[in-house]
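For reference, the structure discussed in these notes is given below.
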Amino acid sequence: MGYKIAICDDSDIDRKYVSDMVCHWAKDNGYMIHVDEFPSAESFLFKYEDENDYDIILLDIEMDGMDGVTLAKRLRKVNENIQIVFITGYSDYIAEGYEVAALHYLMKPVKEGKLLSVLDRASDKLQKNEKVLNFDVNGEMVRVPIYQIRYVEVYGNYVTIHAQQELTVKMTLGEVEKQLDDRFYRVGRSAIVNLTQISRVTKSDIKLSDGTLIHLPRGSYDGVNRAIINMG
């Protein structure tokens, strides 16, 4: 297993500190890794134009020039798969993480045990993202990576899978649900939602990061929030 990891922080000391822990994690797990360090969001984007295959980015929020949240939003527009881990000295930014599906926040000074745990989660998610579902659409096999599925909704005997493209197939919601993992939550009888795509939950609706509103049945609010918290 190999990973390409970016560390973006305007503090030389913090970059080196985090980089050393990342290397220890890789050695202990037998992973091959390539680590690049960047002193600014701008320097990362310059490299990213040519090499846009990073698996994980450990990203400081408070930096001179472009801040980490702005960089994460730009990244997420073009890359749904990269695992974004924010590193910050403040807890004020946590709400921003919903919008970019951040994996986690690490508070400075970063504790090694917490960083290693988050890297394990990132690795698990990257491996999950290799899974695909196969659908027969008009006699043609269409492959859909699971991580691209934002939500699934049912109409009569058909379900529509909302991913990079929309597919409507003759299946039950339960049949689709069996093929999904713990990133997905069944919302009543009519929909399954990707928890990593949620930007807001109210008593009546779930709002996804693309703006889609999904009706939340009465009494479902606590269940959705528990599922988000317990997500692996």
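Think of I229 as one node in a network of Ile, Leu, Val, Met, Phe, Trp and Tyr side chains linked at under 4.5 Å; it has no links at all. Counting Ile, Leu, Val, Met, Phe, Trp and Tyr side chains that sit under 4.5 Å apart, directly or through other members, L180 shares a hydrophobic cluster with L133, F135, V137, V142, V144, I146, I149, V152, V154, V159, I161, L167, V169, M171, L173, V176, F184, I192.
The 12-atom threshold is not exceeded at CZ of R74, counting heavy atoms of other residues, nucleotides or ligands nearer than 6.0 Å.
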Would I198 and L208 count as a side chain to side chain contact (heavy atoms under 4.5 Å, CB included) if you check the C-alpha gap in whole Å, the side-chain angles of each, and the deciding distance to 0.1 Å? CA-CA 4 Å; I198 293 175; L208 302 185; 4.0 Å; yes
Take I57 and F44, measure what side chain to side chain contact (heavy atoms under 4.5 Å, CB included) needs, and give me the verdict at the end. CA-CA 10 Å; I57 182 167; F44 171 82; 4.0 Å; yes
If you apply the rule salt bridge (charged side-chain N to carboxylate O under 4.0 Å, His left out), what do you find for D20 with K16, and how did you get there? CA-CA 6 Å; D20 286 347; K16 178 69 166 59; 2.8 Å; yes
Side chain to side chain contact (heavy atoms under 4.5 Å, CB included) between M66 and L45, intermediate numbers included: CA-CA 10 Å; M66 183 185 294; L45 286 173; 3.8 Å; yes
Worked verdict on L58 versus L115 for side chain to side chain contact (heavy atoms under 4.5 Å, CB included): CA-CA 10 Å; L58 299 159; L115 175 60; 4.0 Å; yes
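Within the structure, salt bridge (charged side-chain N to carboxylate O under 4.0 Å, His left out) contacts touching residues 25-41 (residues at least two apart or in different chains) are R15-E37, D36-K47.
Y147 is not listed as a side-chain neighbour of K125, based on a closest heavy-atom distance of 4.5 Å or more. The shortest distance between side-chain heavy atoms of V224 and L216 falls below 4.5 Å. At least one side-chain heavy atom of D120 sits under 4.5 Å from a side-chain heavy atom of N29. Side-chain contact between L75 and Y48 is present, with at least one heavy-atom pair separated by less than 4.5 Å. Counting only heavy atoms from C-beta outward, the side chains of V187 and P217 approach each other to under 4.5 Å. Side-chain contact between W25 and Y3 is present, with at least one heavy-atom pair separated by less than 4.5 Å. Using a 4.5 Å cut-off on side-chain heavy atoms (C-beta onward), C8 and M63 make contact. Side chains of K128 and D182 form a contact here, defined as non-hydrogen atoms less than 4.5 Å apart.
Checking side-chain atoms of R76 against main-chain N and O of I82 turns up a donor-acceptor pair under 3.5 Å. Listed for the E175 side chain is a donor-acceptor partner under 3.5 Å among the backbone atoms of T172.
Atom CG of D205 is separated from atom CZ of R200 by 8.0 Å, given to the nearest 0.5 angstrom. Taking OG of S209 as the start and NZ of K73 as the end, the distance is 12.0 Å to the nearest 0.5 Å. Considering CD1 of I61 and CG of L59, their distance stands at 7.0 Å, rounded to 0.5 Å. Atom-to-atom distance recorded for I56:CD1 and L126:CG is 5.5 Å, nearest 0.5 angstrom. A distance of 4.5 Å separates OH in Y151 from OG1 in T212, rounded to the nearest 0.5 Å. Summarising the geometry, atom OH belonging to Y221 is positioned 11.0 Å from atom CD1 belonging to I206; distances are rounded to the nearest 0.5 Å.
When all heavy atoms are compared, the tightest approach of I33 to A26 is CD1-CB, 3.5 Å. The two residues E80 and Q164 come nearest to each other via the heavy atoms OE2-NE2, 4.0 Å. Between D60 and T88, the closest heavy-atom pair is OD1-CA, 4.5 Å. Counting all heavy atoms, side chain and backbone alike, R143 lies closest to P145 at O-CD, 3.9 Å. Nearest heavy-atom pair across E153 and Y155 is OE1-OH, 3.1 Å. Nearest approach of L71 to A41, heavy atoms of both residues: CD2-CB, 3.8 Å.
The side chain to side chain contact (heavy atoms under 4.5 Å, CB included) check on K170 picks up N157, Y158, with sequence neighbours excluded. In this structure S117 satisfies the side chain to side chain contact (heavy atoms under 4.5 Å, CB included) test with no other residue, sequence neighbours excluded. For H104, the side chain to side chain contact (heavy atoms under 4.5 Å, CB included) test picks out L106, V118, R121, with sequence neighbours left out.
Hydrophobic clustering keeps F38 apart from I13 (ILVMFWY residues linked when any side-chain heavy atoms are closer than 4.5 Å, directly or through intermediates). Hydrophobic clustering (side-chain heavy atoms under 4.5 Å, transitive across Ile, Leu, Val, Met, Phe, Trp, Tyr) groups I228 together with V193.
T168 and T160 form a side-chain donor-acceptor contact under 3.5 Å, judged by distance and modelled atom types alone. There is no side-chain donor-acceptor pair under 3.5 Å between D9 and S11.
Ring geometry for Y105 versus F86: interplanar angle of 30 to 60°, hence tilted.
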